[in-house]
Every structure is written in C-alpha cells, then in structure tokens.
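Here the structure comes first, spelled out in structure tokens, and everything after it is commentary.
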There are 2 protein chains.
Amino acid sequence: MHDLDETDLEILQLLTSNARRPYSDIADAVGLSPPAVSDRVARLQERGIIRGFTLDIDRSQLRKGTPVLLTLEIATGSQDVSSVKETLLDTGAVENVFTTAEADLVAYVRAPDTDVAGWLAATFSEETIDDFEVTLLSGADWSPNVGGMEFALTCAECGNTVDSEGTSARIDGDLYQFCCPSCETRFEEKYELLQQGAD
Amino acid sequence: MHDLDETDLEILQLLTSNARRPYSDIADAVGLSPPAVSDRVARLQERGIIRGFTLDIDRSQLRKGTPVLLTLEIATGSQDVSSVKETLLDTGAVENVFTTAEADLVAYVRAPDTDVAGWLAATFSEETIDDFEVTLLSGADWSPNVGGMEFALTCAECGNTVDSEGTSARIDGDLYQFCCPSCETRFEEKYELLQQGAD
DNA sequence: AATGAAAGGATTAAGCC
DNA sequence: GGCTTAATCCTTTCATT
C-alpha cells in the first residue's frame with residue numbers, strides 16, 4: 001500500500017469542491033491523463049480515504065424541527081455506545097455524532113418537534129440513557145473545504161506544511177509526514193524515548 | 001418558485017448516496033428523461049438546497065492530531081461570533097461549528113498537535129475568547145444518508161410524513177410542508193396568534 | 001418534460017518505462 | 001506499478017416540439 005502524494009491531495013481538493021468535476025478537468029489541473037486520475041480516485045476509494053461522493057445539502061430547507069446539540073450519557077451495562085450511535089444516525093434526524101473519550105455521545109439533531117425529551121423517549125428505552133443535556137442551536141456550519149490548505153500534510157515534528165521535499169515514515173503502523181529528514185530523525189528519537197518510558 | 005416534490009427528494013437521495021451517479025441512471029430510477037433530471041438538479045442548486053457536490057472523506061487518515069470538541073465562549077465586544085466561526089472553518093483543522101442560542105460556539109477540531117490551548121492561542125488573540133472547554137473524542141460520525149427516510153418531508157403541524165396528498169405554504173418567506181389542509185389551517189392560525197403576540 | 005443530434009467525458013485495452 | 005495514447009462507449013447538453 002502506497003502513501004498519499006501531493007497529486008492525491010490535489011485530486012481530493014478538486015473533487016471536494018465539486019465531486020462531479022470531469023476527470024479530464026482534473027487531469028489537466030494535476031498534469032495527468034484522465035485514466036490516471038480515474039485510477040487514483042479508485043485507489044483512494046479502495047483505501048477508504050474517499051468514503052463516497054455525496055451532496056452538501058442545506059437541510060434546514062428540508063427538515064423543520066429544532067436544531068440542538070444533545071449530550072447523552074449512556075447507561076453502562078445497557079447496549080454499547082456504538083449501537084446507540086448507529087440508532088441515532090438511523091433516525092434521520094441526526095446529522096453528526098461525536099463520541100467522547102468518556103464514551104458519552106454528542107449529537108447534532110434536528111428534533112422532529114420542539115419536545116426533544118419526548119423524541120428521545122420515543123427513540124430509546126428508558127434504561128438506555130442515564131442522563132442527557134440539550135443545547136439549543138442557532139446555526140450549524142461545516143468546512144466547505146474549498147481552497148486553502150485543508151488537505152495539506154503537516155510535519156509531525158514541527159507542524160510546517162510538507163511539500164515534495166518532505167519525507168514520510170511508518171512507525172508502529174501509523175504513517176507520519178515530515179518536512180525534512182532532520183524532523184523525521186528528531187521525531188523518531190522522541191518516539192523511542194516515549195516507548196521506553198511506557199515499558 | 002416551485003415546491004419540492006417526491007421526485008426531487010428521490011433525486012436528492014440518489015445523489016447523496018453517489019453524487020457522481022449519471023443523470024441517465026437517475027432518470028431511469030425516477031421515471032424521467034435525463035434532461036429533466038438535469039433541470040431539476042439545476043433548480044435544486046439555484047434554490048440552495050443542493051449547496052454542492054462533494055466528497056465524504058475519512059479525514060482521520062489524512063490529518064493527524066487530536067480530535068476534540070471545543071466549546072468557546074466568545075468575549076462580548078470583540079469580533080462578532082460569526083467572524084470567529086469563519087476563522088475556525090478557515091483553519092482547516094475544524095470540520096464542524098455549531099452556534100448555540102447563547103452565541104457560544106462548539107467546534108469539532110483536529111488540533112494539529114496535542115496542545116489545543118496553544119493552538120487556540122495561536123489562532124485567536126487573547127481578548128477574543130473568554131473561556132473554553134475541551135472534550136477529548138474517540139470518534140466522529142455523520143449520517144451517510146443512504147436508504148431510509150432521511151429526506152422525507154414532515155408536516156410542520158403534526159410531524160407526520162408528507163406524501164403526495166400533502167400541501168405546502170410559504171409563510172413569511174419560509175416554506176412549510178403539511179400532510180393535509182387541516183394541518184395547514186391550524187398551523188397558520190397558530191402562526192398568526194404568535195405574530196400578534198410578538199407585536 | 002420528451003426527443004434526437006452533436007459535443008463532451010469516461011473507460012477500456014495495448015503498450016511503455 | 002503506474003503512466004500514456006487511441007478507440008469505443010456512454011453521458012450530457014442544446015435546440016426543437
């Protein structure tokens with residue numbers, strides 16, 4: 001399995017700003033032939049980096065309801081957190097679910113009516129949710145990902161942007177990017193020290 | 001300006017599950033000709049319901065860093081909240097920003113390093129942020145929008161699903177859907193009462 | 001909104017490095 | 001393995017009804 005290069009990032013950026021952009025356009029932009037772009041996109045999909053081509057929809061025009069952030073404390077011993085997460089996503093009223101390190105869930109919900117507690121009760125059995133908190137929202141935005149450095153690789157050591165001069169290394173199964181060999185060396189030394197400390 | 005019908009919702013659903021699906025495919029699925037589908041998609045874009053065609057990307061494979069939920073209390077009298085929001089989205093490390101009714105911000109951030117406070121300080125001047133809170137995350141999911149009733153129109157009065165028997169009305173510039181004329185009437189009566197109360 | 005013709009894009013296969 | 005070119009097939013667009 002090979003690593004992402006700058007051309008892949010460029011393709012990602014172009015497709016993110018318009019997923020229906022013709023591959024021939026992209027080919028011109030990145031200096032490849034259309035089949036080469038098609039191949040790269042297929043590879044990005046196989047690797048799971050591109051999960052799919054989708055729409056950015058203004059849901060506020062489709063689904064009425066009160067937009068809220070819902071913090072859920074899941075009862076231990078009931079279903080596991082990820083099944084609650086799946087249930088939330090399946091309701092269709094939930095757009096995002098964040099799982100905290102404490103295994104709480106924070107969900108962005110457009111509750112079908114103003115009675116969020118009622119909606120929750122209708123969706124989950126009483127024992128599932130230990131406690132919940134509702135924060136009313138007046139807006140929800142997400143990164144449109146157009147232009148800018150959204151997909152830039154950053155040096156794991158110094159944080160600078162990684163360009164074609166950069167290096168990368170796989171350490172304990174994770175891929176790290178570096179802007180220069182000296183950053184890579186420093187990082188690896190630090191990493192080894194950390195590992196020794198942990199043993 | 002015409003209202004959304006079930007065919008529009010079907011098109012939205014098909015494109016959401018694959019934004020590169022050929023219009024000829026969609027035409028077959030919804031029983032129209034390809035140019036008719038193209039027209040409808042163009043109209044959905046003009047109306048701002050489709051904001052764009054984009055990628056669903058597994059960013060965890062691209063951007064290292066610590067995923068956190070960041071709750072920001074914006075100092076009153078500094079910049080306004082929406083400019084802080086824009087700055088966050090522009091950093092490239094922020095994927096979602098929710099604006100609460102109290103004008104706080106809740107952002108989903110992949111901080112470039114483990115020092116979230118440092119990242120904040122580097123991004124905003126000291127006076128901008130009154131207070132902040134960091135919640136470590138172990139996961140972040142969003143609704144893949146495939147299958148199910150995600151795009152069903154719900155009655156603004158009773159919450160039932162709106163089918164082809166339903167009605168819709170534009171009230172004060174907003175479009176509302178109703179499952180039946182009596183729900184529409186009841187809603188309009190309630191709305192007028194509310195308006196009178198507000199004056 | 002459908003049709004049919006013309007333009008444009010995607011994909012395949014063969015060959016190259 | 002990943003690239004290119006050229007040929008084929010499919011999709012989209014436009015003018016027309």
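Within every chain, numbering begins at 1; the chains are lettered A, B, ... in the order of the sequence lines, protein sequences first and strands thereafter.
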task = May I ask you to decide whether A:Lys85 forms a salt bridge with A:Asp90, counting only side-chain N to carboxylate O separations under 4.0 Å?
result =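 No, no charged N to carboxylate O under 4.0 Å.
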
What is the distance, rounded to the nearest whole Å, between atom [atom1] of [X] and atom [atom2] of [N]?
X: A:Asp39; N: C:dT12; atom1: CG; atom2: P; value: 10 Å
X: A:Leu44; N: D:dG2; atom1: CG; atom2: P; value: 11 Å
X: B:Asp25; N: C:dA10; atom1: CG; atom2: P; value: 15 Å
X: B:Ile26; N: D:dC10; atom1: CD1; atom2: P; value: 18 Å
X: A:Arg47; N: D:dG1; atom1: CZ; atom2: P; value: 15 Å
X: A:Arg40; N: D:dC3; atom1: CZ; atom2: C1'; value: 10 Å
X: A:Asp5; N: D:dG1; atom1: CG; atom2: P; value: 17 Å
X: A:Leu32; N: C:dG9; atom1: CG; atom2: C1'; value: 17 Å

key: Single-linkage hydrophobic cluster, 4.5 Å side-chain cutoff, B:Val68 and B:Val106 together   =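 In one cluster: no.
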
side-chain N/O [X] vs [N] OP1/OP2, d < 4.0 Å:
X: B:Arg20; N: D:dT11; answer: no
X: A:Arg21; N: C:dA10; answer: no
X: A:Arg43; N: D:dG1; answer: no
X: A:Ser38; N: C:dT11; answer: yes

inquiry  = Looking only at side-chain N and O atoms, does A:Ser182 offer a donor or acceptor that is under 3.5 Å from a partner on A:Thr185?
reply    = no

Modelled atom types, side-chain donor and acceptor of B:Asp56 and B:Trp142, under 3.5 Å = yes

query = So what does B:Ser24 touch, heavy atoms closer than 4.0 Å: a base, only the sugar-phosphate, or nothing?
reply =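 Touches sugar-phosphate only.
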
ask   = Is the cationic atom of B:Arg20 (NZ for Lys, CZ for Arg) positioned less than 6.0 Å from the six-membered ring centroid of A:Tyr23 and within 45 degrees of its normal?
value =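 Pair B:Arg20/A:Tyr23 counts as cation-pi.
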
inquiry  = I want to confirm an ordering. Mapping B:Pro35 and A:Pro34 to their closest nucleotides on DNA chain D, which one lands closer to the 5' end?
reply    = A:Pro34

message = Looking only at the side chain of B:Tyr23 (C-beta and beyond, no hydrogens), which of the listed nucleotides C:dA1, D:dT13, C:dA10 gets closest?
response =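 Side chain of B:Tyr23 sits closest to D:dT13.
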
